[in-house]
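Worth knowing before you read on, the calculation uses all heavy atoms, side chains too, and leaves out hydrogens, waters and symmetry mates.
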Amino acid sequence: DQIFIKPIVSKTKLYVGEGATVTYKLYYRVNITRYEQTQDIKPEGFWKEEFDIDEHVSSQNQYLNGALYRVATIKKFRVFPTRAGTLEISAYRAICEVLMTDVMRNRWGLSMNFNQFFNSMGKTMKAEVYAPAIKFDVKPLPTPQPDGFNGAVGKFDLESSLDQDSVQVGTPVSFKFKVSGEGNIATLPEVTLELPSIFEQYEPKVHREIK
């Protein structure tokens, strides 16, 4: 009850290609001197996109079961199942080094032995934190599938623009296509532009940003 990981899943019933967000939060009532991941997530049957976690973001206070904890997000990612069935994300484990005096104070309060408390000052102990495996129920997509469907499930918008439509011969013209929305953007086909032979076409520049 002094330190533990709580996994939070947006949903566990999905269709193939539909996304779900998984967040691991560390709850603690002790001072942590070091944190080390010992077993990372293995999402078999999923496409996974990691979120960047800012290590400098301070933790938040939160009450849970009548006790006040500090809470920090330690891992966050979005998964997209690639096949139907019961799929599983493996367990997550880490080791925390915490001050022994904090553990003793929270557990035994003022009734503890004073010499024992004094001798533990500055010393640390290792505590293993563990988040269990997460199971998902994944259904196949409806059939028949539309022509040209490449597996992208979600909501996407396509915008196009042309920087100028009246130019002299030899002057470059730039097309810009922007795809945005929610879903696994990696499954979308590349945007292609078919031009008459009188145009000389160059390889496009692609910028991808996942939030």
Could you tell me whether the side chain of [Y] reaches within less than 4.5 Å of the side chain of [X], counting heavy atoms only?
X	Y	result
I5	I74	yes
K139	L14	no
I8	V22	no

- Query: Restricting to pairs with a member in residues 73-98, which pass ring pair (Phe, Tyr, Trp, His ring centres under 6.0 Å), not counting sequence neighbours?
  - Reply: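 Residue pairs passing ring pair (Phe, Tyr, Trp, His ring centres under 6.0 Å), neighbours aside: Y24-Y92.
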
- Message: I need the full list of ring pair (Phe, Tyr, Trp, His ring centres under 6.0 Å) pairs touching residues 167-192, with sequence neighbours left out, sorted by first then second residue.
- Response: none

Please identify each residue that fulfils side chain to side chain contact (heavy atoms under 4.5 Å, CB included) with [X], with sequence neighbours left out.
X	value
V138	V16, P81, L87, F136
E200	Y202
F199	L195, P196
A133	E88

- Message: Give me each pair satisfying salt bridge (charged side-chain N to carboxylate O under 4.0 Å, His left out) with a member in residues 126-137, each pair once, sequence neighbours excluded.
- Response: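 Matches after skipping sequence neighbours: K13-D137, R93-E128.
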
- salt bridge (charged side-chain N to carboxylate O under 4.0 Å, His left out) pairs touching residues 15-26, sequence neighbours excluded, are K11-E18

- Task: Carefully, step by step, assess I89 and V79 under the rule side-chain contact (heavy atoms from CB on, under 4.5 Å).
- Result: CA-CA 10 Å; I89 290 178; V79 290; 4.0 Å; yes

Taking only distance into account, with no hydrogens and no angle test, what donor-acceptor pairs under 3.5 Å do side-chain atoms of residues 147-170 form with protein atoms, sequence neighbours excluded?
| unit_1 | atom_1 | unit_2 | atom_2 | d |
| --- | --- | --- | --- | --- |
| D163 | OD1 | S174 | N | 3.0 |
| Q164 | NE2 | P172 | O | 3.3 |

- Query: Is D52 atom CG crowded by more than 12 heavy atoms from other residues, nucleotides or ligands, each under 6.0 Å away?
  - Reply: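 No - once you tally the heavy atoms of other residues, nucleotides and ligands closer than 6.0 Å, there are 12 at most.
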
- Message: Can you tell me if Q201 has over 12 outside heavy atoms packed within less than 6.0 Å of its CD?
- Response: yes

Going hydrophobic residue to hydrophobic residue with side-chain gaps under 4.5 angstrom, can you get from [X] over to [Y]?
X	Y	value
Y28	M125	yes
L64	V71	yes
L193	V173	yes
L26	V9	yes

Do you know which two heavy atoms are closest between [X] and [Y], and how far apart they sit?
X	Y	value
F51	T21	CE1-CG2, 4.4 Å
A91	Q39	O-NE2, 3.3 Å
I134	P7	CD1-CB, 4.1 Å

- Message: Working note: D40 + K75, criterion side-chain contact (heavy atoms from CB on, under 4.5 Å); need CA distance, chi angles, decisive distance, verdict.
- Response: CA-CA 10 Å; D40 198 8; K75 194 174 187 65; 3.1 Å; yes

- Quick one: pull up CG in N31 and CD1 in I3 and give me the separation to the nearest 0.5 Å. 10.5 Å

- Message: So, taking the atom named CZ in R34 and the one named CD1 in I95, what distance separates them when rounded to the nearest 0.5 Å?
- Response: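 R34 CZ to I95 CD1: 8.5 Å, rounded to 0.5 Å.
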
- Query: Does the side-chain contact (heavy atoms from CB on, under 4.5 Å) test come out yes or no for F46 and E44, once each step is laid out?
  - Reply: CA-CA 6 Å; F46 290 93; E44 298 292 338; 5.9 Å; no

- Message: Please check: side-chain N/O of T23 versus main-chain N/O of K76, any donor-acceptor pairing under 3.5 Å?
- Response: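 No, T23 side chain to K76 backbone: no donor-acceptor pair under 3.5 Å.
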
- Query: So, R78 side chain and G183 main chain: donor-acceptor pair closer than 3.5 Å or not?
  - Reply: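 Pair absent, no side-chain N/O of R78 close to backbone of G183.
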
- Message: In terms of relative ring orientation, are Y27 and Y69 parallel, tilted or perpendicular, with 30° and 60° separating the classes?
- Response: perpendicular

- Query: Listed by chain and number, what are the salt bridge (charged side-chain N to carboxylate O under 4.0 Å, His left out) partners of E194, not counting sequence neighbours?
  - Reply: none

- Just jot down the salt bridge (charged side-chain N to carboxylate O under 4.0 Å, His left out) partners of K48, sequence neighbours excluded, or say none. E50

- Residues which pass side chain to side chain donor-acceptor pair (under 3.5 Å) with Q145, listed by chain and number, not counting sequence neighbours: none

